There are 2 protein chains.
Amino acid sequence: MNDQRRNGQNEAAAGGRPTLKTIAFMTGLGVTTVSRALKDAPDIGEETKKRVQLVARQVGYRPNRAGVRLRTGKTNVISLVLNTDEQLMGFISDIIYGVSEELASSSYHLILTPYSSRNDPMDPIRYVVETHSADGVIISQTEPNDPRVRYLTEHGFPFATHGRTHTGIEHPWHDFDNHAFAMQAVRALVAKGRRRLALLAPSPKLTYYRHMSDGFAEGVEEQGCAAIPFRDAWVDMPVEQIKAAATALLRRSTPPDGLVSGSGAGAFALVAAIEERGLQLGRDIDIVTKQSTPLVQMFRPQILVVNEDFRLAGRELARAVRASIDGAVPASLQTLAVPDGVEAPRP
Amino acid sequence: MNDQRRNGQNEAAAGGRPTLKTIAFMTGLGVTTVSRALKDAPDIGEETKKRVQLVARQVGYRPNRAGVRLRTGKTNVISLVLNTDEQLMGFISDIIYGVSEELASSSYHLILTPYSSRNDPMDPIRYVVETHSADGVIISQTEPNDPRVRYLTEHGFPFATHGRTHTGIEHPWHDFDNHAFAMQAVRALVAKGRRRLALLAPSPKLTYYRHMSDGFAEGVEEQGCAAIPFRDAWVDMPVEQIKAAATALLRRSTPPDGLVSGSGAGAFALVAAIEERGLQLGRDIDIVTKQSTPLVQMFRPQILVVNEDFRLAGRELARAVRASIDGAVPASLQTLAVPDGVEAPRP
DNA sequence: CTCAAAAACTGTAACGTTACAGTTTCCATT
DNA sequence: AATGGAAACTGTAACGTTACAGTTTTTGAG
């Protein structure tokens, strides 16, 4: 009698989506048992586990995220922190897709935490940590002495960065080997007979500026050719400005005959400046550029390209934060994508 | 005595982040009163509200999302459903940024729900509805008879679409006026003396294929010029294929002298095909293209462009879902972005 | 001064989950 | 037959919030 009344209350659950209570009622087990059976706990009988899991599947049980989160504190969310000011960062979508791919088979949801350069880049980081709105974060545009890395480390908050730092902190990261890229680029240009090279590098405040510049310098030294400074132009500025700077560069008394572009978009600006000046790609001058989509290459087959796989970056970053959340040591979560080499001009 | 012991228990809250209990303890009020004071309920005294809100600010109180979500069922999340197969959908990042901008000032978080064309596009939609992992969804790549729109409507689940449908269902949407775009493009080309026009349209399965094609046809009729079919090529296929199709088109006995491209990336393929054929842009042939970044235009100043603002689209979509969640009627949540007109070639 | 009604405030329960501390059942030893 | 212990299962409480149904206090009318 008493039991019947108790069970009667459970019928309430029949209305919405199934909960542990629903399954407990259907199997005649306790809620705790059901919970433990579903997570394959050792103190539940094999027979029972099978039965519970079967019923759970039949009724389409999905754990209520709010319940889990409230009880355990685990959000099952990974936050990707993005700077929304970037205009030409088309590859960002590839990173996002890569992260998504990796998280698809997990229980994690991906949330985007945007910020504008007009505000403090620390704001979104502090927000996530303070409100614990995610279990881990992915950040990009890392700087040599990145305060976000310090903050996250100090707070023991799991994260992974796209790009390394010089903080002296061992933290999870994924990076493209821009040093190798620049060296390969220089070698390829020299092999084509170019002797006066210039590099369109990223903004000096970013870590990979150093890597790319150093690689370039090392390549130039190794090959014994001339490096012509590409002043006041970075890959992350508006293409019009890059083009203007490139035009100025080409007007010098000793213009470069080989250019290296640190981004796919930058290459367009360089090509535009070159052709406007009446020079011919492949004859008067050559370009090696990074590319993430075959846009430039299809357009100007003479261009030399090195592929950078941003989907891979997204996957690696997601994997790294996930492992970091699970307690892996940072030093084991650092991956460097080595470029395949310079792709020859298309026929 | 009894009271003292009770309050003593509250000290536990001092450890982590502040909760309603913390504020209740600090102000000597009940938890309920604090909760109501913070949401400006009418049955709380002005004096008390001020005091509570002050303390809340001082201790940096932020409502626990899991608590709210568990109790009220509201997730404070909006899901953006994305097809991760698209390679060249660089503008997707602009939509994302637009959505972010609009949600930044609200309590909503943005979560990304990806899917691959290899699976059923309904999967992510069903997932969100069944698990109630968001309060509303934004979907793109709408088709005339989109099953997702039917499903969401039937389930009374708030959503907004990027692109209209022909379902006969009044639902929230934002769209770019591709009909107007195509007509403007035709007029601009005719004004330049072009008489044989071809359109690089989107995939026929998408709703806006109709809009753009109809606009093109109407323009051609109005201007009394010839429409040359652009066979087997759509803006959403790999650029190499577009280029190949364009090359074939230009080899016809009566090739077009004016091209309309439904996407910025497509324009690159067209320019490549044109120049490879030895034709000169602005002299032998003209192109009108949609663009979201000034890449093409900077590169080939002769090109005619119509701007499409994807950030705006993101903002409008976010606004629409939000309003839809708040119960606004769908018919009031439909916005059409009318193109500014064709931008003249740059000097 | 009384009393009704309005204003201001509060305790309890519940959302769905899991950690913890049991309790019951069953079996192998003595 | 008693007993110790392992195996299998369960109830309670708590995470932080809010709806609901109160209770206390204040106010104003008579």
Side-chain angles (χ1 to χ4, degrees), chain A residues 2-3 6-7 9-25 27-52 56 59-76 107 131-133, chain B residues 2-3 6-7 9-25 27-52 56 59-76 107 131-133:
Chain A
N2 220 333
D3 273 339
R6 287 237 205 114
N7 287 339
Q9 296 178 346
N10 290 334
E11 291 176 321
R17 45 189 278 238
T19 68
L20 290 179
K21 215 169 167 184
T22 316
I23 301 176
F25 177 57
T27 54
L29 294 163
V31 172
T32 301
T33 312
V34 174
S35 172
R36 311 221 72 215
L38 287 174
K39 38 176 58 63
D40 206 30
D43 63 346
I44 305 294
E46 283 309 319
E47 179 67 16
T48 308
K49 279 183 194 172
K50 284 221 171 61
R51 198 155 50 97
V52 169
V59 299
Y61 171 76
R62 311 269 206 148
N64 180 308
R65 304 194 134 235
V68 175
R69 181 163 168 180
L70 184 57
R71 177 65 240 238
T72 65
K74 177 141 207 236
T75 62
N76 279 295
S107 65
T131 66
H132 195 100
S133 58
Chain B
N2 218 332
D3 272 339
R6 288 238 205 112
N7 287 338
Q9 296 178 345
N10 291 333
E11 291 176 322
R17 48 188 275 238
T19 68
L20 290 178
K21 216 168 165 184
T22 317
I23 301 175
F25 177 57
T27 54
L29 294 163
V31 172
T32 302
T33 311
V34 173
S35 171
R36 311 220 73 216
L38 287 174
K39 41 177 54 66
D40 207 29
D43 63 344
I44 305 294
E46 283 308 319
E47 178 68 15
T48 308
K49 280 183 193 170
K50 284 222 171 62
R51 198 155 50 97
V52 169
V59 300
Y61 170 75
R62 310 269 207 149
N64 179 308
R65 302 194 136 235
V68 175
R69 181 163 168 181
L70 184 56
R71 177 67 239 235
T72 65
K74 178 143 206 236
T75 63
N76 280 296
S107 64
T131 66
H132 196 102
S133 58

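Proteins get letters first, then strands, A, B, ... in listed order; numbering begins at 1 in each. Bear in mind the structure is a predicted one, so any value in this text is a computation, not a measurement.
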Point to revise | Validation row: A/Asn76, A/Arg69 side chains within 4.5 angstrom (heavy atoms) | key: no

Check your understanding: When rounded to the nearest 0.5 angstrom, what distance separates CZ in A/Arg51 from OG1 in A/Thr33?
Key -> 10.0 Å

Check your understanding: Between D/dG16 atom P and B/Arg65 atom CZ, what is the distance in whole Å?
Key -> 16 Å

Review point. Is the count of non-hydrogen atoms from other residues, nucleotides or ligands lying under 6.0 Å from B/Lys50 atom NZ greater than 12?
Key: no

Exercise for review: Grab the CG-C1' distance between B/Asp40 and C/dA8 for me, whole Å please.
Suggested key: 15 Å

Review point. Atom CG of B/Leu70 to atom C1' of C/dT18: distance rounded to whole Å?
Key: 13 Å

**Study point:** Rounded distance in Å - CG (B/Leu38) to C1' (C/dC9)
**Key:** 15 Å

Exercise for review: Would you mind classifying the nucleic acid contact of B/Gly30 as base, sugar-phosphate or nothing, using non-hydrogen atoms under 4.0 angstrom?
Suggested key: sugar-phosphate

Exercise for review: Kindly give the heavy-atom pair with the smallest separation between A/Pro18 and A/Gly60, and that separation in Å.
Suggested key: CG-O, 3.9 Å

Point to revise | A/Leu29 CG to D/dA7 P, straight-line distance once rounded to whole Å | key: 19 Å

Practice item. Might you point out which heavy atoms bring A/Ala66 and B/Leu70 nearest each other, and give the distance in Å? Key: CB-N, 3.8 Å

Exercise for review: Using the closest heavy atom to pick a nucleotide of DNA chain D for each, name whichever of B/Ala66 or A/Val34 lands nearer the 5' end.
Suggested key: A/Val34

Practice item. In whole angstrom, give the distance that lies between atom CZ of A/Phe25 and atom P of D/dT10. Key: 15 Å

Revision key, fill the gap. When A/Arg62 and B/Gly28 are each assigned the nearest nucleotide of DNA chain C, the 5'-most assignment goes to B/Gly28

Check your understanding: For C/dG16, does OP1 or OP2 lie under 4.0 Å from any side-chain N or O of A/Ser35?
Key -> no

Review point. Pick one: which of A/Leu20, A/Val52, A/Ile44 meets side-chain contact (heavy atoms from CB on, under 4.5 Å) with A/Ser35?
Key: A/Leu20

**Study point:** Among C/dG16, C/dT10, D/dC9, the nucleotide that comes nearest once only the side chain of A/Asn64 is considered
**Key:** C/dG16

**Study point:** Interatomic distance where CG belongs to B/Leu20 and P belongs to D/dA14 [whole Å]
**Key:** 18 Å

Review point. Taking C-beta and beyond as the side chain, do A/Asn64 and A/Thr19 meet within less than 4.5 Å on heavy atoms?
Key: no

Would you tabulate the pairs of protein nitrogen or oxygen atoms and nucleotide nitrogen or oxygen atoms of nucleotides 19-21 of chain D closer than 3.5 angstrom?
from, atom 1, to, atom 2, distance (Å)
D/dA19, O4', B/Arg71, NH2, 3.4
D/dA19, N6, B/Thr32, OG1, 3.4

Check your understanding: D/dT23 C1' sits how many Å from B/Ile44 CD1, rounded?
Key -> 14 Å

Practice item. Consider the side chain of B/Val31, meaning its heavy atoms from C-beta on, and name the nucleotide among C/dC9, D/dG16, D/dT18 that approaches it most closely. Key: D/dT18

